[in-house]
Structures are given as structure tokens and as C-alpha cells.
Number of protein chains: 2
Amino acid sequence: MANIQEVAKKAGVSVATVSRVLNKQAIVSDKTKEKVEQAIKELNYEPSLLGRNLRTSESRLILVLIPSISNPFYAEIINGIEDTAISQNYNILLCDTDSNPERESIYFNLVKNRMADGVISMDPTVNKERLFELAETYPIVQCSEYDEHGYIPYVTINNEEAAYHAVKHLIDVGHKRIALINSDEKFLYARERRQGFERALAESNLPIEDKWIYHTEEVDFEDGQKAMAHLLELEEKPTAVFAVSDVLAIGALKEIHSKGLKVPDDLAIVGFDKISFSNMTYPTLTTVSQPMYTMGCTAVNMLIDRLQGKEVNSVMLEHELIIRESTT
Amino acid sequence: MANIQEVAKKAGVSVATVSRVLNKQAIVSDKTKEKVEQAIKELNYEPSLLGRNLRTSESRLILVLIPSISNPFYAEIINGIEDTAISQNYNILLCDTDSNPERESIYFNLVKNRMADGVISMDPTVNKERLFELAETYPIVQCSEYDEHGYIPYVTINNEEAAYHAVKHLIDVGHKRIALINSDEKFLYARERRQGFERALAESNLPIEDKWIYHTEEVDFEDGQKAMAHLLELEEKPTAVFAVSDVLAIGALKEIHSKGLKVPDDLAIVGFDKISFSNMTYPTLTTVSQPMYTMGCTAVNMLIDRLQGKEVNSVMLEHELIIRESTT
DNA sequence: ATGAAAGCGCTAACAG
DNA sequence: CTGTTAGCGCTTTCAT
């Protein structure tokens with residue numbers, strides 16, 4: 001556990017010189033550089049980032065906020081975040097809030113306490129007020145979920161359009177009675193996807209029936225099951241379902257099967273997110289793919305730009321409808 | 001962004017006193033405490049952990065190593081880790097190595113550079129040599145996967161026994177031709193589960209046939225599909241399959257379906273891990289449940305004990321066979 | 001090209 | 001009970 005002083009002493013130079021070869025920017029003569037490197041090797045020296053970070057007053061840590069690590073939707077985004085962060089010498093502090101304000105508060109404090117330089121929030125359940133407050137002082141980027149009226153830059157997709165495409169596809173293959181399994185409309189993405197759903201219906205002169213719109217409490221498999229169970233009890237049943245997340249769609253699929261019905265013959269279904277499991281269901285799930293990896297990369301790049309004081313603009317990425325067995 | 005000095009000045013006390021009220025251990029008179037708290041509030045002061053950590057030479061960060069964040073098996077363990085870490089004022093640096101030695105190397109350096117106080121490794125693909133080397137200097141705990149000959153403490157389950165139970169169950173419901181979809185036997189858990197598999201077979205005087213043992217390259221859905229495709233091409237087909245992970249089992253299930261076969265009538269299948277998906281497949285998957293949350297908690301507690309210089313002993317937790325539709 | 005010295009923000013002896 | 005002071009390990013002027 002040698003420190004920079006011991007290295008300097010052993011190499012017969014000053015600590016400043018050691019620091020210089022460590023950071024390879026300032027000019028050091030080849031001879032001294034060699035001496036220093038020799039000393040570093042002999043002492044097995046590893047510079048302490050604690051010291052460096054205090055001095056430069058940065059932590060080089062990015063706080064990444066997600067509502068639940070169990071939700072596979074976030075996995076691929078995080079891959080993108082991690083790759084990009086590492087390439088820029090940052091690391092990530094992955095925090096799942098479990099939609100728990102207390103936890104969120106702990107994580108926000110990490111930023112205030114300078115243990116993180118900025119935050120990427122992917123948590124739709126985040127306390128908006130507190131996030132905005134934090135954003136006044138610290139760089140924040142929102143990823144996937146965002147706030148339409150806020151000034152926090154974000155990277156997302158066009159949810160309205162994506163939902164429109166999904167529902168349009170159901171209409172195109174002949175469905176007229178289409179249900180929506182939505183999550184709580186306190187989430188912007190839920191409101192936007194509903195709008196897309198309604199636009200597609202309206203465009204084809206199909207009625208928008210309240211009874212075919214179900215709002216779940218959470219976004220777990222069980223919520224999808226419950227939603228579908230409800231829809232299947234209706235007098236006039238839908239022939240197709242658009243669920244705003246694959247997890248919900250998969251729960252719905254499960255429920256359909258356990259009622260002895262067949263997909264897509266009795267009921268077609270389309271999900272959202274293209275999580276890897278959506279290709280393992282029987283039948284495979286038609287879904288909307290988001291460029292998750294790219295979203296993660298973009299979010300990090302935006303945040304680092306902000307960290308460097310640059311202006312950044314919000315970004316909207318392309319989505320893609322993946323047609324699989326559950327609708328055809 | 002006030003610092004401790006400004007607070008001290010405003011409160012008319014020394015920085016030491018401010019530090020004392022911050023850490024609420026030393027005795028400070030109520031009057032001065034109030035003054036300090038007032039100053040803190042007025043200045044909106046938040047203590048910098050960078051300064052504190054440098055001084056106490058700890059980062060209060062725990063490095064958590066997983067091979068892939070997309071593998072749902074780790075999600076619940078991480079929940080346990082996070083809850084326990086937070087309750088002890090630690091935070092976690094979640095790092096997925098992607099089984100990439102270069103990344104691993106970056107993460108190991110985080111420890112050497114004092115950005116993390118210790119590591120919990122759940123990565124079976126980790127470079128053992130380098131892990132052992134690191135363990136000579138820094139506290140490390142292994143979770144789930146471990147090394148039988150190493151001196152690194154671990155928390156895990158009895159894999160041999162768990163596999164034995166799973167296979168015994170298949171035998172009990174009448175199967176005689178049982179295949180094993182195993183991952184690479186460079187992993188200890190894979191070797192142990194194979195032993196359990198063989199013990200169950202031997203005990204019932206069933207032959208252990210090489211042709212019914214398949215080793216996958218990775219542990220993704222696709223590997224399970226490939227494995228099953230292979231087994232279904234055999235002249236003499238098995239009537240049951242034990243897969244050493246739910247992800248593999250779900251891939252196998254998919255393949256069975258797409259060949260037009262039925263589970264469990266044509267082929268029974270049991271997985272391992274009890275990931276949440278395993279209850280959403282059709283039919284639902286019989287599997288072995290590990291106490292994942294508890295494993296995470298235990299790992300953190302062990303690590304913190306080590307961080308405090310205490311001796312810790314490895315722990316083996318209980319597993320449970322969850323019988324569902326895929327075998328009955 | 002290199003060194004001396006200041007200081008990032010905090011904690012912890014030590015003194016009083 | 002409180003203040004003074006010395007660092008933790010590093011980077012970065014400012015001289016030389």
C-alpha cells in the first residue's frame with residue numbers, strides 16, 4: 001500500500017514528478033520517467049483515487065437510478081451505460097429505488113455528498129419535485145421516462161408513435177376489438193402510449209371503449225395476469241390486446257393459456273420492449289423494440305457533456321415493430 | 001457547495017466541532033450543537049464524502065461482480081446485497097464483467113485504487129488466479145459460485161444435494177431416461193450438479209449415458225434451445241431433462257414446443273434457480289429454489305465482518321425443490 | 001524538465 | 001466541552 005511519497009523517495013524525485021508520469025500529460029524526461037516507473041513497479045504502487053478525487057473534486061461515479069433491477073427492460077440499457085462510462089473513465093453506482101422514496105432519498109444524498117458526479121434517472125416513479133430540485137445544482141439526464149415540462153435533458157423514443165404502430169399492426173391483421181393493458185397513467189410513457197393507441201383506433205373509425213382499457217398497479221407478471229383475467233371476464237371480449245410492456249404481455253399470455261385459449265387464434269397480443277424472454281414465450285411475442293443499448297450510451301454521453309459544462313439537447317431515438325407469432 | 005470551514009465560521013466554532021455534530025459521537029453542548037445545525041441549514045451544507053473517505057481511507061463502496069446483468073438469477077441476490085449494504089452505510093458498485101477479462105481487470109483495479117473497500121464475486125467466469133491474488137490484500141467474499149480449494153469465504157447452497165433432489169423427483173414420477181443439460185464443467189457448480197445427477201441415477205440403478213449429457217457454451221436461452229434440439233435428434237430420446245439453470249430450461253422448453261411436443265406428457269423438465277419467469281412459462285417450470293435474497297444479505301454481512309478484521313466462516317444455505325407443471 | 005508548497009474537505013489526536 | 005493542528009494522497013500552480 002505504498003503512496004506517492006514513497007514512490008517519489010525511491011525514485012529520487014518529487015511527488016509532482018511522480019504525479020506527472022502517472023497522468024502522462026506534462027513533459028517528463030525519458031530518464032526520470034523510467035526511474036519513476038521502476039519505483040512504481042518495485043513498490044507495487046497503485047494510485048489512490050480517493051486522493052485524486054478529493055483533489056480534483058470529482059468522484060467519477062455516475063448514479064444510475066432504476067425502479068427495479070428485476071425488470072429486464074433495464075438490463076440492456078445498463079449495458080450501454082456501463083460500456084460508455086468505462087470508456088470515459090467513469091463507473092456507475094447502480095441503484096434500484098424499489099419505488100421507495102426513502103431509498104431514493106439516500107441515493108440523492110450520494111450526489112449531494114459528492115460521491116457521484118451526476119445521475120441518469122430511468123425511474124418513472126421518481127419524485128419529480130426532488131429530482132428537479134437536484135437538477136438545479138447537479139447534472140442529470142433522464143433516460144426512457146422523462147418529464148415533458150421539465151428542463152432536464154432526456155433520451156427516449158416516440159412513445160405515441162410506437163404505440164400507434166403496434167396497434168395499427170393489430171388493425172391491419174384484421175382486429176376490431178382491441179384492448180389496452182396500460183400501467184398507471186401517472187407515468188408519461190403510459191399517457192403517450194395510450195394516445196398512440198387511441199389515434200390508431202380513431203383513424204380506423206374503431207370505437208375507444210373504456211371497458212377495454214385496463215390500468216395495472218405495478219408492472220410485474222402478476223399484473224399482466226390480473227389484467228387479462230379481467231378482460232376475459234367481459235361480456236364482449238376483445239380479440240387483441242396491446243400491453244405497454246413485455247412483462248405485462250407475458251403475464252397476459254400466461255392467463256390466456258391457463259383459460260385454455262389460444263394465441264393468436266383466439267386472441268392476438270403485442271407487447272413492448274423486446275426483452276429477451278419475449279422470444280422464448282409460446283408463441284413468441286410481437287413487440288416494439290427500443291434501441292436500449294444506444295439509449296444507455298447516449299444518456300452517458302449527454303451526462304458527461306453536461307459534466308463538462310456543455311449544452312446538451314434531448315434526443316429521440318427510433319423504435320421498431322418486431323412482428324412475431326403472437327399476432328400472426 | 002459550502003464546506004465545513006464556512007459552516008464553522010458562520011457558527012462561530014471550529015471545524016472540529018462541526019465535525020463532531022456531524023458524526024454525533026463526541027459530546028457537544030446543546031447550545032453549540034444548535035448553532036452549528038443552524039449554520040448547516042442556512043448554508044445548505046452537505047458534507048463531502050470525498051473528504052471524509054480520504055481521511056478515513058475507506059470508500060464505503062462494495063464491488064459486486066456478476067457475469068451478466070441480463071441474467072435474472074442475480075437480480076434477487078443483488079436486492080439482498082443492496083438492502084444490507086445500505087443499512088450499514090455502504091453502497092455497491094455493480095459490475096458485470098460480460099466474462100471479459102479486460103473489464104474484470106478494470107474492476108479489480110477499482111479495489112486496488114481504493115475506490116472499493118472489498119468485493120463480492122458472483123462471477124463463475126472470474127479469473128481465479130487474479131481473484132486469489134487480490135484476496136491476499138483485500139477482503140473478498142464469493143457468492144453462489146466459489147472455489148473449493150481457495151481460502152476465500154463463500155456463501156452458497158449444496159449444489160450436489162440440490163441436483164440430486166431434482167433428479168430424484170424425476171425418477172420418482174416414473175422417468176428412467178433422464179438427460180442433463182449442463183453448463184461448462186469448468187464451473188464448480190456444474191461439476192457438483194452433475195455429481196448429484198449421477199448419484200440419483202446410480203441410486204436407482206439407472207445407467208449414466210454420455211449421450212444424454214449435454215454441455216452448453218454459455219447460459220443463454222439459445223444455449224438451452226440448442227441443447228434440446230440436440231437431445232431430440234437422438235435415436236433413443238430421453239423422457240425427462242434436468243437443466244442446471246432456468247434460463248437453459250426455458251430455452252429447452254421453447255425448443256420442445258416448436259418441435260410440436262408436449263411438456264410434461266412427452267418430456268418432463270426441471271430447471272434451477274426459480275427466476276420469476278419460471279412461473280410464466282407454459283407449463284410452469286419445476287425448479288430448485290435458492291434463497292437468493294438471503295444469500296445476498298449474508299454475503300454483505302460476511303464482507304463487512306472481514307472489513308472489520310473479523311474472522312468469517314463460509315455458509316451453506318438451504319435449497320428447496322419447487323414442483324410445478326413441467327414435471328407432473 | 002523538475003521541485004516546493006499549497007490545498008481539496010474532512011477527522012482525530014492532543015491540549016486546554 | 002471546544003479549539004488547534006496535523007495529516008489522509010493526490011494535483012497543480014509557481015518558481016527555478
Side-chain angles (χ1 to χ4, degrees), chain A residues 1-40 43-61 89 109-117 137, chain B residues 1-40 43-61 89 109-117 137:
Chain A
M1 296 276 228
N3 63 18
I4 199 172
Q5 305 232 44
E6 299 174 47
V7 175
K9 200 161 121 196
K10 174 144 231 155
V13 299
S14 73
V15 293
T17 301
V18 177
S19 175
R20 286 186 188 105
V21 341
L22 247 30
N23 298 292
K24 22 186 139 257
Q25 352 141 287
I27 303 156
V28 182
S29 79
D30 283 358
K31 219 179 295 175
T32 38
K33 195 202 286 192
E34 209 169 298
K35 275 193 302 182
V36 171
E37 279 163 352
Q38 180 63 25
I40 288 177
L43 291 172
N44 236 310
Y45 168 70
E46 302 274 355
S48 159
L49 294 181
L50 291 178
R52 172 178 300 171
N53 291 346
L54 174 62
R55 177 61 225 230
T56 57
S57 52
E58 57 177 7
S59 64
R60 297 205 80 87
L61 251 29
N89 263 304
N109 278 338
L110 246 32
V111 183
K112 292 186 181 169
N113 294 333
R114 251 97 355 140
M115 269 302 277
D117 295 339
T137 316
Chain B
M1 296 275 229
N3 62 19
I4 199 171
Q5 306 232 41
E6 299 174 49
V7 175
K9 200 161 121 195
K10 174 144 232 154
V13 299
S14 73
V15 293
T17 301
V18 177
S19 176
R20 284 187 190 105
V21 341
L22 247 31
N23 299 291
K24 25 187 135 255
Q25 351 141 287
I27 303 154
V28 182
S29 79
D30 282 359
K31 220 179 294 176
T32 39
K33 197 203 284 194
E34 209 169 296
K35 276 194 301 182
V36 171
E37 279 164 352
Q38 180 63 23
I40 288 178
L43 291 172
N44 235 308
Y45 168 70
E46 301 275 354
S48 158
L49 294 181
L50 291 178
R52 172 179 301 171
N53 291 345
L54 173 61
R55 176 61 225 228
T56 58
S57 53
E58 57 176 6
S59 64
R60 297 204 80 85
L61 253 29
N89 264 303
N109 279 338
L110 245 32
V111 183
K112 293 185 181 169
N113 294 333
R114 251 102 345 146
M115 268 302 276
D117 295 338
T137 315

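Below, all heavy atoms of this structure are taken into account, side chains as well, without hydrogens, waters or symmetry copies. Letters A, B, ... mirror the listed sequences (proteins, then strands); counts begin at 1.
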| Nucleotide C/dT2, atom P - distance to NZ of A/K9 in whole Å | 21 Å
| message | Measuring from the side chain of B/V15 (C-beta onward, heavy atoms only), which nucleotide among D/dT11, C/dA4, D/dT5 has the closest atom? | response | D/dT5
| query | Measuring from A/L22:CG to A/Y45:OH, what's the distance to the nearest 0.5 Å? | reply | 5.0 Å
| message | Measure CZ/A/R60 against P/D/dT11 and give the value in whole Å, please. | response | 12 Å
| query | Of all the nucleotides listed (C/dT11, C/dG3, D/dT2), which has the minimum atom distance to the side chain of B/N23? | reply | C/dT11
| query | What is the distance from CD of B/Q5 to C1' of C/dG7, rounded to the nearest Å? | reply | 10 Å
| query | Base, sugar-phosphate, or nothing for B/R114, non-hydrogen atoms under 4.0 angstrom? | reply | nothing
| query | CD1 of A/I27 versus P of C/dG3: gap in Å, rounded? | reply | 15 Å
| request: Using a heavy-atom cut-off of under 4.0 Å over every strand shown, decide if B/V13 touches base, sugar-phosphate, or nothing. | output: sugar-phosphate
| message | Output the rounded distance in Å from NZ (B/K112) to C1' (D/dG9). | response | 19 Å
| request: Ignoring backbone atoms, establish whether B/S48 has a side-chain N or O less than 4.0 Å from OP1 or OP2 of C/dG9. | output: no
| Shortest side-chain distance from A/L22, nucleotide among C/dC8, D/dT11, C/dC14 | D/dT11
| task | Look at the side-chain N and O atoms of B/R52 and state whether any lies under 4.0 Å from the OP1 or OP2 oxygen of C/dG9. | result | no
| task | Answer yes or no: side-chain N or O of B/R55 and base N or O of D/dG9 forming a donor-acceptor pair under 3.5 Å. | result | no
| Whether over 12 other heavy atoms sit under 6.0 Å from A/K112 NZ | yes
| field | From A/D117 atom CG to A/N53 atom CG, the distance as rounded to the nearest 0.5 Å | value | 8.0 Å
| said: Nearest to the B/S29 side chain among C/dA13, D/dC1, C/dA1, which nucleotide is it? | reply: D/dC1
| remark: Closest of D/dG3, D/dC10, C/dC10 to the B/I4 side chain is C/dC10
| Judged by atom type as modelled, is there a donor-acceptor pair below 3.5 Å linking the side chain of B/N113 to the main-chain atoms of B/M115? | no
| field | Length of the CG-P vector between A/L54 and D/dG9, whole Å | value | 12 Å
| note | Separation of D/dG9 atom C1' from A/L49 atom CG, nearest Å, is 11 Å
| query | Distance from B/L110 atom CG to A/R60 atom CZ, nearest 0.5 Å? | reply | 12.0 Å
| query | Between C/dG3, C/dG9, D/dG3, which one does the side chain of B/N3 approach most closely? | reply | C/dG9
| said: Measuring to OP1 and OP2 of D/dG3, would you say a side-chain N or O of B/T17 lies under 4.0 angstrom away? | reply: yes
| note | Against the side chain of B/S19, the closest entry in C/dT2, D/dC8, C/dT11 is C/dT11
| message | Expressed as a whole number of angstroms, how long is the span from A/K33:NZ to C/dT2:P? | response | 11 Å
| Counting heavy atoms not belonging to A/K33, are there more than 12 under 6.0 Å from its NZ? | no
| remark: Ranking C/dG9, C/dC10, D/dT2 by distance to the side chain of B/T32, first place goes to D/dT2
| remark: Per atom distances to the B/P47 side chain, the nearest of C/dT2, C/dC10, C/dT11 is C/dC10
